[in-house]
There are 2 protein chains.
Amino acid sequence: MDPINALKAYYQQLNPSMTEEDWHFFQSVQRVRRVKKGEMIVKPGEVCNHVSFVAEGLVRYFYFNEGKEITADFCPENCYTSEYCSFLTRRPTMDYLEALEDSILVEMDYEGMQSLYSRGALFERMGRLIAEGLFISLSTRNSTLMTKSPEDRYNEFFEAHPQMFQRVPLYMIASYLGITPETLSRIRKRLTEKAKQNS
Amino acid sequence: MDPINALKAYYQQLNPSMTEEDWHFFQSVQRVRRVKKGEMIVKPGEVCNHVSFVAEGLVRYFYFNEGKEITADFCPENCYTSEYCSFLTRRPTMDYLEALEDSILVEMDYEGMQSLYSRGALFERMGRLIAEGLFISLSTRNSTLMTKSPEDRYNEFFEAHPQMFQRVPLYMIASYLGITPETLSRIRKRLTEKAKQNS
DNA sequence: AGTTTTTCTTGATTTGAATCAAGAATGCCA
DNA sequence: TGGCATTCTTGATTCAAATCAAGAAAAACT
């Protein structure tokens, strides 16, 4: 699908009352960008200056802690990615956004976003809904990490994103689940053995 | 200070362009509520229907996990408290909001908030800024819990909220820091011993 | 196809915090 | 002010996951 059409579909769902005129204005601040697998979209020290809709491909958000990389989020096609804290606060990030596959992004920069907001309530509402949605996602993820066991977290992830196992190495999933690759490997072994017994 | 004035000061800082007319409308959807120490403002099973500005007192947000209570947040005077996920999604919460001291709240219900939003861009922006602020706070807290050691988390909390130690029992701070009371006690012992050596 | 690099698995050991247990200190309120 | 409840501390033990180590498997490159 054409990246702009994918984006349009996304926003029509988010806000059905968007007129063609609104859309036209919205589109005027968007830029399509192609990135190669392995390319860093954002790097530590930079202020994240874009929010990027992933029209095609896969992006991950990660950082280093004590020398080890921790995956904070995966963003496959049809979702938005950004280091939104840095974007909002205009302060340098410590984190990375990396294309895990060749990807097509539709990007809007900070200035463009402000010009949308100054255009009126419709875009303000859009920004509000996006921030609210991010808050809800982060709360949910938080709660999972704090209250569920590694095995439960694995199962939950497996239910929700089975395709991810074809697209990213296990060690990235491990760090996303807050465990080491070794622990993930053992969880998977335990589960397949359990599955064998029940057959 | 009068609770409504405290709230007004809060919003004037958040949005200096608010006119007296806006403020008047805003105020029309607010209700002052007094709660006693120990009172539950929100309980599991309820849909959280308010956002509450704490004009005086102290509220904590907590939940149970495996029989143990976990404090997710403290909200002292001049901040907003709510189970905002439940509020936004209109789904029942699993969590508690509890007054840790006799408190005065200025509350706005969901309907009131929608009526503000439908009034125009100013209030949409306000809602957006609030959601963005919550997202930033939660991200920061998340990052602290995931990357810092218990001792670092304690020191950070102690720097940021020294007064809290006079207002809440240590076991609540322990669970806020993601550790048991025993572990907190040992951290404090270690730190005071370290302090003694340096004197 | 063969070589190198990356990723994954498995076992042995360590470790930091949780749990269990019990007593001390503090606060509350009747 | 005495007594009960809550909170805090300290020590002993357990435990789940991390770390360390090494080899197997898979993927990527030439």
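So you know, we letter chains A, B, ... as the sequences are listed, proteins then strands, and number each from 1.
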Do B/Arg186 side-chain and C/dG16 base share a donor-acceptor contact under 3.5 Å? no
So is B/Arg141 actually on top of B/Tyr176's ring, under 6.0 Å and inside 45° of the axis? yes
When rounded to whole Å, the CD to C1' distance for the pair B/Glu66 and D/dC15 reads 14 Å
For B/Glu21, does the CD atom sit with more than 12 other heavy atoms under 6.0 Å from it, leaving out its own atoms? no
Interatomic distance, A/Ile187 CD1 vs C/dT10 C1' [rounded to whole Å]: 15 Å
Starting at atom CD of A/Glu69, determine the distance to atom C1' of C/dT6, rounded to an integer number of angstrom. 12 Å
How many angstroms lie between atom CD1 of B/Ile173 and atom CE of B/Met164, to the nearest 0.5 angstrom? 8.0 Å
Can you check the B/Lys37 NZ to D/dT6 P distance for me, whole Å? 12 Å
Worked check of side-chain hydrogen bond (donor to acceptor under 3.5 Å, both in side chains) between A/Thr19 and A/Asp22: CA-CA 5 Å; A/Thr19 65; A/Asp22 292 326; 3.0 Å; yes
B/Lys189 NZ - C/dA17 P separation (whole Å): 16 Å
Between D/dT10 (P) and B/Leu184 (CG): distance, integer Å: 12 Å
What residues 167-177 of chain A contributes to the DNA chain C interface at heavy-atom separation below 4.0 Å is A/Pro169, A/Leu170, A/Tyr171
For the CZ atom of A/Arg34 and the CD1 atom of A/Ile104, what is their distance to the nearest 0.5 Å? 4.0 Å
Helix axis bend for the helix from C/dA1-D/dT30 to C/dA30-D/dT1 - C1'-based end axes, five pairs, 10° rounding: 50°
With a sphere of 6.0 Å drawn around CZ of A/Arg190, does it hold more than 12 non-hydrogen atoms of other residues, nucleotides or ligands? yes
Using a cut-off of strictly less than 4.0 Å, decide whether B/Ser185 has a side-chain nitrogen or oxygen near OP1 or OP2 of D/dC8. no
Would you say A/Lys68 places a side-chain N or O within less than 4.0 Å of OP1 or OP2 belonging to D/dT19? yes
Between atom CG in B/Leu191 and atom P in D/dC8, what is the gap in whole Å? 17 Å
Spacing between A/Gln166 atom CD and C/dT7 atom P, to the nearest angstrom: 16 Å
Between B/Thr180 and C/dA18, is there a side-chain N or O to OP1/OP2 distance below 4.0 Å? yes
Categorize A/Ile179 for me: base, sugar-phosphate, or nothing, with a 4.0 angstrom heavy-atom threshold over every strand shown. sugar-phosphate
Is A/Arg90 positioned over the aromatic face of A/Phe87, cation under 6.0 angstrom from the ring centre and no more than 45 degrees off axis? yes
Spell out, yes or no, whether A/Tyr61 and A/Phe157 are grouped together once hydrophobic residues are joined by side-chain heavy atoms under 4.5 Å, including indirect joins. no
Would you say A/Ser175 and A/Thr71 are linked by a side-chain donor-acceptor pair, where the criterion is simply a distance under 3.5 Å? yes
Just compare D/dA18, D/dT10, D/dC20 and give me whichever is closest to any side-chain atom of A/Glu182. D/dC20
